[in-house]
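Have a look at the structure below before the remarks.
What you see is a predicted model; the values in this text were computed from it and never measured. Order of listing sets the numbers, starting from 1, for every ligand and every atom in it.
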Amino acid sequence: MTKHHILQVGAYPEWDQGPLDAAYTVHRWWEAADKDAFLAKVGPGVDAIATRGDLGASEAMIAACPKLKMISVFGVGYDAVHLASCRSRGIRVSNTPDVLTEDVADIAVAMLLALVRRTGPAEAWVRSGDWATKGMFPLTRKVSGTRAGILGLGRIGMAIGRRLQGFGMEIAYSARSPKPGAEGWAFVPDAVTLAKQSDHLFVALAATPETRHIVNATVLQALGPEGTVINISRAANVDETALLDALEGGRIAGAALDVFEGEPNLNPRFLTATNVLLQPHHGSGTIETRKAMGKLMRDNLTAHFAGQPLLTPVL
Ligand code: 8YV
């Protein structure tokens, strides 16, 4: 039987690559030296695109694939997929929600604790010999019992809140509307109000044109000089210039970031900032979760080609 043609946008672990290569004719876009020429050559025969949350599928890429009927995203975020093109052409889109919720929430809490209790600088204090020569590591700040603001109370935001309850934190959230399951957590209508009443602001929003730079200079000013920002969503939700200005100016206490504009290349100002914790977009980066994500990405492709409903449809 002739195999369907898949345009693969980025690398997957071998446990996904093997089954994809066995089931489909796979065209590896990210390995092409001349990506435009590659797309012009293979695009006309592409039946589906297999991509990642961080890579998506651009308008130009979709336009180069006139037979395209399906885009399967390895990741929960589909903001990098040009949905308008998919809607206008009736292209199906799937993502991989739920299977990664707990890992991303885990890393968000880990980043908060590491940032505020300064576990990285503390380890350097030991390894450098400063402990022996300079004495006790400088005191940090308490996390338990402080005030958490969660911007976006979807699956990941809700999971973060449940974890923070275990630290005795007072929880408030901002979302389009009050959420069931968040009883006892304060619903506030907007990011500035949330920031004003938070010590630690978690950015857990899906990235959309409406949320771009929702964490801006005004929100950071409201958060204040003892406040921190923890972003495990998308860099687009934060005005990085305003964040860097606030960090360098001491107008907020710190930031813990797993996502960056232009990643994996960062604004070099982040590399010299002392009150920022940098992580390489690995919120979902565990063996167990990435295996589950990969299987779901592949199962959505299988369902599509079998004419079945998608397991986790976006469109
Ligand atoms: C993905 C992500 O693992 O889920 C998402 O949208 O950003 C990550 O969890 C990443 O995009 C895949 O490399």
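- Among Ala11, Ser284, Gly56, Ser233, the residue whose heavy atom lies closest to atom 1 (C) of ligand 1 is Ser284.
- Residue contacts with ligand 1: Phe74 is placed with no nitrogen or oxygen under 3.5 Å of a nitrogen or oxygen of the ligand (distance criterion only).
- Under the salt bridge (Lys or Arg N to Asp or Glu O under 4.0 Å) criterion, Arg155 pairs with Asp98, sequence neighbours left out.
- Considering backbone and side-chain N/O of Met293, none are found under 3.5 Å from N/O of ligand 1.
- If you number the atoms of ligand 1 from 1 as listed, the ones under 4.0 Å from a heavy atom of Arg290 come out as 3 (O).
- In Leu100, the part holding a heavy atom less than 4.0 Å from any atom of ligand 1 is the side chain.
- Scanning the protein heavy atoms around atom 7 (O) of ligand 1, the nearest turns out to be His281 NE2, 2.6 Å.
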Taking it one step at a time, do Leu315 and Ile91 satisfy side-chain contact (heavy atoms from CB on, under 4.5 Å)?
CA-CA 7 Å; Leu315 286 182; Ile91 295 168; over 6 Å; no
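- Here atom 4 (O) of ligand 1 lies nearest to Val76 when heavy atoms of Asn95, Val76, Ile232 are compared.
- At least one donor-acceptor pair under 3.5 Å links the side chain of Asn275 to the backbone N or O of Leu247.
- Residue Arg234 has at least one heavy-atom neighbour below 4.0 Å for each of these atoms of ligand 1: 2 (C), 5 (C), 6 (O), 7 (O).
- For His282, the heavy-atom gap to ligand 1 stays at 4.0 angstrom or more.
- Formation of a donor-acceptor pair under 3.5 Å by the Asp103 side chain with backbone atoms of Gly283 is not found in this model.
- When each atom of ligand 1 is checked for a heavy atom of Gly53 under 4.0 Å away, the hits are 6 (O), 11 (O).
- Every residue two or more places apart in sequence or in another chain that forms a salt bridge (Lys or Arg N to Asp or Glu O under 4.0 Å) with Lys295 is listed here: Asp299.
- No path of Ile, Leu, Val, Met, Phe, Trp and Tyr side chains, each step under 4.5 Å between heavy atoms, connects Ile62 with Phe74, placing them in separate hydrophobic clusters.
- Residues Ile252 and Leu243 have side chains in contact (heavy-atom distance under 4.5 Å, counting atoms from C-beta outward).
- Interface of Asp54 with ligand 1, defined as ligand atoms under 4.0 Å from a residue heavy atom, comprises 10 (C), 11 (O), 12 (C), 13 (O).
- Between the side chain of Asn300 and the backbone N or O of Leu311 there is at least one donor-acceptor pair closer than 3.5 Å.
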